[in-house]
Amino acid sequence: MPDAEAAEHFATVLVVEVSVDGSRVRLVNRGHPAPLLLRQGRARWLEPGRRLLPLGLGLDPGPDGDGPRPGARDTPGRRPAAARPHDELPFPAGSTLLLVTDGLTEARNADGDFYDPLARLARLGGAAPGELLDAVHRDVLRHAGGASADDMALLAVQRPALTARPRPAQPRTARSGAARYGRRLKRPFSSG
């Protein structure tokens, strides 16, 4: 396989797991654009703590150059638990996680300037996921002059803001009712 052709046989991967209670996210990033966290009018990249190659790069191509040699490993799931390359981060209530492809980060305007998500998307952090995706798509097309040279995939995951829960009504019993109004029963009722 020619070197130029071999260089195109890889895949970037971003795996995101949201905890059961929604308060944390676990990320495994293999060369993919980092997700954005939008919260309280700010945006920031959730860059991986450790840079990892995309899947398919960095392997021994095998004796014939047509694939990995037997036994080569390129998947995080086959590593011991202590060596798994993931980041675990808080996912604050009221924030939105925006997953993007390079079609967003590499969109250019007529002057050749790249689209800058941090500067442009912070104001959209409180929008519902569908509204956010529509607004981002319109903004990228506006920046790129109506068309983008690359495909673009977006996914928005929002953790709802915490709201104060109303206190449940306390059941009233004869005793609690009596105590509430300042009366107490001096002796229990007897049967007989």
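Hydrogens, waters and symmetry mates are skipped; everything else that's a heavy atom, side chains included, is used. Residue numbers start at 1 and run along the sequence shown.
The shortest side-chain heavy-atom distance between W45 and P35 does not fall under the 4.5 Å cut-off. H143 has its side chain out of reach of D139: every pair of non-hydrogen atoms, C-beta onward, lies at least 4.5 Å apart. Contact check for H32 versus V13: no side-chain heavy atoms found under the 4.5 Å cut-off. Looking only at side-chain heavy atoms (C-beta outward), P92 and Q40 stay at 4.5 Å or farther from each other. Residues L97 and F91 have side chains in contact (heavy-atom distance under 4.5 Å, counting atoms from C-beta outward). Taking 4.5 Å as the limit, every side-chain heavy atom of L104 sits out of range of all side-chain heavy atoms of D102. Annotation: side chain of M152 is in contact with side chain of V140 (closest heavy-atom distance under 4.5 Å). Side-chain contact check for F114 versus R108: some heavy-atom pair is nearer than 4.5 Å.
Taken to the nearest 0.5 Å, the CG atom of L53 stands 7.0 Å off from the CZ atom of R30. Here S23 contributes atom OG and L89 contributes atom CG; the two are 11.5 Å apart, rounded to the nearest 0.5 Å. Note: H86 NE2 to L52 CG = 12.0 Å, rounded to the nearest 0.5 Å. Between R44 atom CZ and S95 atom OG the span is 9.0 Å, to the nearest 0.5 Å. Rounding to the nearest 0.5 Å gives a distance of 11.0 Å between CZ of R39 and OG1 of T96. Here the CD-CD distance, from E17 to E88, works out to 8.0 Å after rounding to the nearest 0.5 Å.
Taking both residues in full, the closest heavy atoms of G41 and A122 are given as O-CB, 3.3 Å, listed atom of the first, atom of the second, then distance. For the pair Q158 and A127, the tightest heavy-atom approach, listed with the atom from each and the gap, is NE2-O, 3.0 Å. Between P54 and G31 the shortest heavy-atom distance is CG-CA, 4.1 Å. Contact between G49 and D87 at its shortest, heavy atoms only, is N-OD2, 3.0 Å.
Looking at L46, V100, N29 one by one, the single match for side-chain contact (heavy atoms from CB on, under 4.5 Å) with L14 turns out to be N29.
Tracing side-chain contacts under 4.5 Å through hydrophobic residues (I, L, V, M, F, W, Y), one reaches L121 starting from L133; they form part of the same cluster. Under the 4.5 Å side-chain heavy-atom criterion for grouping Ile, Leu, Val, Met, Phe, Trp and Tyr, V157 is connected to L27 within one hydrophobic cluster. Note on L132: it does not cluster hydrophobically with L155, by side-chain heavy-atom contacts below 4.5 Å among ILVMFWY residues. Residues V18 and L37 fall within the same hydrophobic cluster, defined by Ile, Leu, Val, Met, Phe, Trp and Tyr side chains chained together at heavy-atom separations under 4.5 Å. Both L118 and L98 belong to a single network of hydrophobic side chains, linked directly or stepwise wherever heavy atoms of I, L, V, M, F, W or Y lie under 4.5 Å apart.
Side-chain N/O atoms of Y115 and N109 include no donor and acceptor closer than 3.5 Å.
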